[in-house]
Each structure stands twice: as structure tokens, then as C-alpha cells.
Amino acid sequence: MNDYNKLPEPQALIFDMDGTLFETDTLLLSVHERIFTTLREEGLYEGPNPPVEKLLGCLGMLLEDIWKIVMPGSSDAARERADVLMLQYELEGLAAGEGTLYPHVETTLRELKARGRKLFVASNGLEAYVKGVAEYRGIAGLFDGLYSAGEYKTASKVELVARLLEDHNIKTAWMIGDRSSDVEAGKNNGLQVVGCAYAVYGKQEELRGADVLIRDFRELLEL
């Protein structure tokens with residue numbers, strides 16, 4: 001753990017969703033299976049399913065980039081269909097009770113809110129997915145804004161976070177996430193970055209440049 005005293009007090013905390021608040025593999029394992037079963041049935045994909053680890057390793061990227069890595073050489077039609085199926089099956093899974101938040105996320109967010117912090121999400125995911133996770137897991141009401149690349153059509157998380165800061169006139173904030181895109185989004189917007197080292201999706205080197213690393217979500221309260 002880095003020095004707690006280094007970070008200035010923030011007006012707001014901006015969270016990534018997948019791998020930071022939401023333990024995505026608890027939903028994505030079944031979704032991944034269903035996507036490729038359907039693509040195969042529809043004649044859009046042949047061969048065995050790509051390893052689910054490949055999909056989990058792409059979390060945090062924009063959707064259009066994910067399929068190029070998971071299904072290299074696939075057609076535009078296959079990738080577009082995969083987009084539709086992924087959202088459909090994710091929302092069906094969430095509605096059925098699949099997918100969990102990381103330990104202590106909800107209680108910690110409630111305590112941060114009680115301490116007067118503004119809370120936001122900034123995710124490269126689709127709008128319906130990001131809002132769906134927050135709503136189905138009972139934390140939507142804790143946030144002052146749920147920002148997604150899907151809703152704001154941003155080309156990078158740097159741009160998305162810049163939009164959030166401007167919309168809410170925020171001068172000081174922490175960016176909290178598990179991927180290099182989170183570090184980049186924070187640093188390029190002049191924010192402090194808290195790297196979530198408990199997530200399994202990002203490799204540790206992705207968090208190089210973060211001001212502090214946490215291995216338990218409750219450490220945010222100590223910070």
C-alpha cells in the first residue's frame with residue numbers, strides 16, 4: 001500500500017465499472033457461452049469458443065475493439081451481432097440475479113456518500129449495461145452520474161471523464177479503476193488515480209502510474 005497522505009481530498013470519486021465495482025466474470029462466463037452458441041447457430045461463427053479469459057482480458061476496451069481481439073478475422077456482421085447478443089444476454093443475466101459486486105462495494109459507497117462525496121461511474125461499456133448493473137445491484141441511487149462511452153459516443157475514457165468533469169463543474173477528483181485506460185483517463189485530466197489491484201482482469205503493469213494501489217475496496221475509506 002502506498003502512502004495514504006499523498007492524495008488531496010476529492011470533491012468526487014469516479015469509478016470504472018467492470019473489474020472495479022462489478023466482478024464481471026460472475027456474469028460473463030454464461031454470457032460468453034451463449035453468445036458463441038447463438039453465433040454458431042446463425043452461421044456467423046465456426047469452430048470452438050474462444051477462451052473466456054480472452055474476453056475478460058479485453059474488459060475496459062471499447063466494444064468494437066474487443067471483438068477484433070476475441071474473434072480475429074470475423075466478419076462485420078458477426079461482430080455487430082455479437083454486440084447485440086452480449087448486451088441482451090448480460091441484461092437477461094442481471095435480471096435473473098447473476099453477477100455480483102466486489103466485496104464491500106455497496107457498504108463502502110454508502111459510507112462515502114454519507115461523508116458528502118459525489119460519486120460517478122465512467123465506463124467504456126454500453127449505456128444499458130452500465131445502468132443495468134447499477135440498477136439490478138441496487139447502487140444506482142448512490143451515484144450523481146453514470147457515464148458510459150455507449151451513451152456519450154466518446155472515443156476514449158479520457159474524453160468521457162473530461163465530459164463528466166465539465167458537466168458537473170468538478171475541480172478535484174480521484175479516478176478509481178483497474179485498467180491502463182483508467183490511469184490514462186485520470187492523469188490526462190489532472191486527477192489522482194487509485195488503482196484496484198484486487199481485480200483479476202487487468203495485469204498489474206496496467207496500473208503503472210497510479211498514485212495508490214488498493215487490494216480491498218474498504219481501503220478507500222482510509223484514503
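Residue numbers start at 1 and run along the sequence shown.
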How about [X] and [Y]: are their ring centres within less than 6.0 Å of each other?
X      : Y     : result
Phe217 : Phe15 : yes
Tyr102 : Phe22 : no
Tyr89  : His32 : no

Closest non-hydrogen atom pair between [X] and [Y], with its separation:
X      : Y      : answer
Arg110 : Gly138 : NH2-O, 3.5 Å
Ala197 : Arg215 : CB-CG, 4.0 Å
Pro10  : Ala173 : CB-CA, 4.0 Å
Cys58  : Val70  : SG-CG2, 4.2 Å
Asp16  : Gly177 : CB-CA, 3.9 Å

Identify whether the distance between the nearest side-chain nitrogen and carboxylate oxygen of [X] and [Y] falls below 4.0 Å.
X      : Y      : result
Arg218 : Glu111 : no
Arg81  : Glu42  : yes
Asp144 : Arg117 : no
Asp83  : Arg79  : no
Arg179 : Asp182 : no
Lys131 : Glu127 : yes

Exercise. Go through Asp178 and Tyr198 one step at a time and tell me if the side chain to side chain donor-acceptor pair (under 3.5 Å) criterion holds.
Key: CA-CA 8 Å; Asp178 69 309; Tyr198 52 78; over 6 Å; no
Is [X] reaching over with its side chain to a backbone N or O of [Y], donor-acceptor style, under 3.5 angstrom?
X      : Y      : answer
Thr172 : Gln11  : yes
Asn189 : Val158 : yes
Glu219 : Asp216 : yes
Trp174 : Pro8   : yes
Thr108 : Val105 : no
Lys118 : Leu13  : no
Glu206 : Ser180 : yes
Ser74  : Met71  : yes
Asp65  : Met61  : no
Arg137 : Gly99  : yes

Decide yes or no for [X] and [Y]: does some side-chain heavy atom of the first lie under 4.5 Å from some side-chain heavy atom of the second?
X      : Y      : answer
Glu53  : Asp25  : no
Leu164 : Tyr152 : no
Ile14  : Ile176 : no

Just how far is it from atom [atom1] of [X] to atom [atom2] of [Y], taken to the nearest 0.5 Å?
X      : Y      : atom1 : atom2 : result
Ser148 : Asn124 : OG    : CG    : 9.5 Å
Leu44  : Leu39  : CG    : CG    : 6.0 Å
Gln192 : Glu9   : CD    : CD    : 11.5 Å
Glu92  : Leu87  : CD    : CG    : 9.5 Å

Self-check item: Residue pair Asp18 / Tyr129, side-chain donor-acceptor N/O under 3.5 Å
Solution: yes
Exercise. Would you please say whether a donor-acceptor pair under 3.5 Å links the side chains of Ser30 and Glu98?
Key: yes
